[in-house]
Protein chains: 2
Amino acid sequence: MSALEGLIVTRSTAAQQVAAGLASRIVAGAFAPGSRLRESAIATELGVARNTVREAVRILELSGLVRHEVNRGAVVISPTPEKVEELYAARERLETAAVSRAAEAPELDALRKAYEDLVDAAASHDVLRIVDVDLTFHATIVSMLHSSRIDEFYAGLLVELRFYLTVLSLEDREFEHPDDILTEHREILEAIESGDPAAAAQHVRSHIERNGKRVLEILHGRD
Amino acid sequence: MSALEGLIVTRSTAAQQVAAGLASRIVAGAFAPGSRLRESAIATELGVARNTVREAVRILELSGLVRHEVNRGAVVISPTPEKVEELYAARERLETAAVSRAAEAPELDALRKAYEDLVDAAASHDVLRIVDVDLTFHATIVSMLHSSRIDEFYAGLLVELRFYLTVLSLEDREFEHPDDILTEHREILEAIESGDPAAAAQHVRSHIERNGKRVLEILHGRD
DNA sequence: TACAGTTCAACTGTTCTACAGTTGAACACA
DNA sequence: TGTGTTCAACTGTAGAACAGTTGAACTGTA
């Protein structure tokens with residue numbers, strides 16, 4: 001084992017910083033879904049060249065928060081019913097697959113910890129924090145598949161989902177129901193801990209379906 | 001149903017064309033794994049500006065064939081043992097999850113057709129075609145999860161894998177063993193068709209593990 | 001009023017030139 | 001063998017320029 005184990009030098013270019021900055025602004029709701037990112041405006045505002053912004057936008061595309069349209073530039077993704085359904089469908093497949101597998105010790109500890117974080121968060125009534133911890137719980141479930149590639153993929157799905165939830169909860173502050181959330185997650189956790197994969201899968205499935213439907217309802221009720 | 005159902009106008013920019021061209025050259029083996037894509041050289045050779053090539057490279061990154069390193073530019077991905085293992089692990093998780101679910105009619109037809117294509121391809125002794133049809137069979141398995149997002153993710157994994165296989169089989173022409181391939185795929189297909197998800201999952205698991213190990217051996221035997 | 005044609009400012013796609021900073025390899029030196 | 005030095009090649013970034021596209025405002029017309 002090297003004395004420099006794990007040390008990684010990360011230099012970041014201007015384009016990467018612009019991309020990171022734009023990403024945080026987007027998830028914070030500074031850009032509405034469907035809105036365009038105008039290159040010249042961003043360039044002059046940040047004091048960088050337009051080329052650099054164009055590159056930043058391409059990097060942003062990797063995170064899935066924007067898509068690039070020819071002659072229109074970067075457009076912030078927006079939650080259509082189809083996309084929300086596809087998102088939740090993917091979640092349901094991955095998470096039920098994960099809990100269906102025999103769970104081993106390390107993840108169970110992590111999952112229980114994630115649940116306890118959720119209990120704390122629920123008490124705080126801080127919606128953003130609840131969402132954050134909630135999604136961490138589910139990422140922990142997926143991590144039981146022991147596949148880094150799938151973990152990365154799932155993390156990307158959650159970035160998207162978190163953005164949608166942020167956007168939607170701005171218009172419906174009563175989105176989260178802490179008690180239901182705790183109950184549903186506890187059911188999942190306990191089914192896994194008691195070594196009942198089938199029950200766990202069923203709880204995961206209905207939990208995700210319920211949530212997906214709720215998001216879709218909020219989405220419909222908006223316009 | 002509109003008279004223009006499904007019609008999509010796709011204009012492509014120079015950068016997109018450059019990206020597509022580079023992608024096809026890379027998968028064809030024109031750039032060795034680990035080699036750098038020099039911007040100026042590509043720009044002058046293709047008669048486009050360097051900026052355009054830089055953008056093309058960022059687009060290429062979306063396909064996973066290159067990664068961008070600061071001050072070194074675009075580097076063609078290369079098959080390290082870790083990456084190959086992660087790739088096969090992800091495949092194993094997704095495919096076993098897919099066959100574990102009750103399969104419905106439409107996919108079974110598609111899967112049987114994919115198998116018959118494989119029989120044809122095996123007879124041709126055309127390695128590239130065999131690989132192609134083989135991977136299509138597995139993509140069809142994953143499609144039984146009915147998740148477009150997962151299908152896209154899996155397609156990305158296969159792009160990577162196909163590249164690795166192309167690169168490796170250039171050095172080991174005897175990589176494919178048509179008879180074994182047919183046997184293993186037939187076992188999977190028949191287990192699914194006979195409604196035995198557990199057996200199907202076991203066949204998928206051992207098939208993928210066997211293949212992963214073989215690729216790792218070829219990888220080790222190279223250097 | 002509803003619809004089609006025109007105009008125009010804003011913006012994207014692309015090129016070109018320029019330069020500072022980084023890298024990697026060759027070379028010299030100890 | 002290992003450590004400085006030099007240098008050419010290349011990346012990151014800026015800035016200016018221009019053709020082509022888009023969308024919205026405006027005009028004319030039935």
Side-chain angles (χ1 to χ4, degrees), chain A residues 2-4 7-23 25-26 30-63 65-78, chain B residues 2-4 7-23 25-26 30-63 65-78:
Chain A
S2 157
L4 297 177
L7 173 59
I8 297 178
V9 179
T10 52
R11 274 153 303 188
S12 79
T13 65
Q16 287 171 338
Q17 292 176 41
V18 172
L22 287 176
R25 304 303 168 87
I26 290 174
F31 294 89
S35 66
R36 294 168 59 179
L37 268 48
R38 269 172 242 91
E39 296 167 0
S40 332
I42 295 170
T44 57
E45 187 168 346
L46 297 182
V48 298
R50 191 157 74 93
N51 281 339
T52 304
V53 174
R54 280 181 74 82
E55 220 178 303
V57 157
R58 291 299 189 177
I59 295 173
L60 249 189
E61 237 183 333
L62 288 172
S63 73
L65 287 174
V66 305
R67 66 179 188 289
H68 197 98
E69 297 181 3
V70 175
N71 282 322
R72 299 195 74 234
V75 179
V76 179
I77 58 171
S78 54
Chain B
S2 157
L4 297 177
L7 174 59
I8 296 177
V9 179
T10 52
R11 274 153 304 187
S12 76
T13 65
Q16 288 170 337
Q17 293 175 40
V18 172
L22 288 176
R25 304 304 167 88
I26 290 174
F31 294 90
S35 65
R36 294 168 60 178
L37 269 48
R38 269 173 242 93
E39 295 167 359
S40 332
I42 295 170
T44 57
E45 187 168 348
L46 298 181
V48 298
R50 190 156 75 93
N51 281 341
T52 304
V53 174
R54 281 181 73 82
E55 220 178 304
V57 157
R58 292 298 190 179
I59 296 173
L60 249 189
E61 237 182 333
L62 288 172
S63 73
L65 287 175
V66 305
R67 65 178 188 289
H68 197 97
E69 299 182 2
V70 175
N71 283 323
R72 299 196 72 235
V75 179
V76 178
I77 58 172
S78 54

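Convention: sequence-line order gives letters A, B, ...; per-chain numbering from 1.
Rounding to whole angstrom units, CZ of residue A:R38 and C1' of C:dG13 are separated by 17 Å.
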Polar pairs (N or O, both sides) under 3.5 Å between protein and nucleotides 6-8 of chain C?
none

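At least one side-chain nitrogen or oxygen of B:H68 sits closer than 4.0 Å to the OP1 or OP2 atom of D:dG12.
By the 4.5 Å heavy-atom criterion applied to side chains, B:I26 and B:L60 are counted as neighbours. Between A:I77 and A:V66 there is no side-chain heavy-atom pair separated by less than 4.5 Å. Proximity of B:I59 to A:H68: side-chain heavy atoms (C-beta onward) are nowhere separated by under 4.5 Å. At a threshold of 4.5 Å between non-hydrogen side-chain atoms, the residues B:L46 and B:V18 count as touching. Residues A:V48 and A:Q17 have side chains not in contact (no heavy-atom distance under 4.5 Å, counting atoms from C-beta outward).
A search for side chain to side chain donor-acceptor pair (under 3.5 Å) contacts involving B:R67 returns B:E69, not counting sequence neighbours.
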Base, backbone or nothing for each nucleotide of nucleotides 14-23 of chain C, written B, S, -, heavy atoms under 4.0 angstrom, 5' to 3'?
BBB-B---SS
Between B:E55 and B:T13, does a side-chain contact (heavy atoms from CB on, under 4.5 Å) hold up when you go through it step by step?
CA-CA 11 Å; B:E55 220 178 304; B:T13 65; 5.9 Å; no
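Here the CD-CZ distance, from B:E39 to B:R54, works out to 4.5 Å after rounding to the nearest 0.5 Å.
Within the shown strands, C:dT1 is the pairing partner of D:dA30 under the Watson-Crick or G-U definition, both distances less than 3.5 Å.
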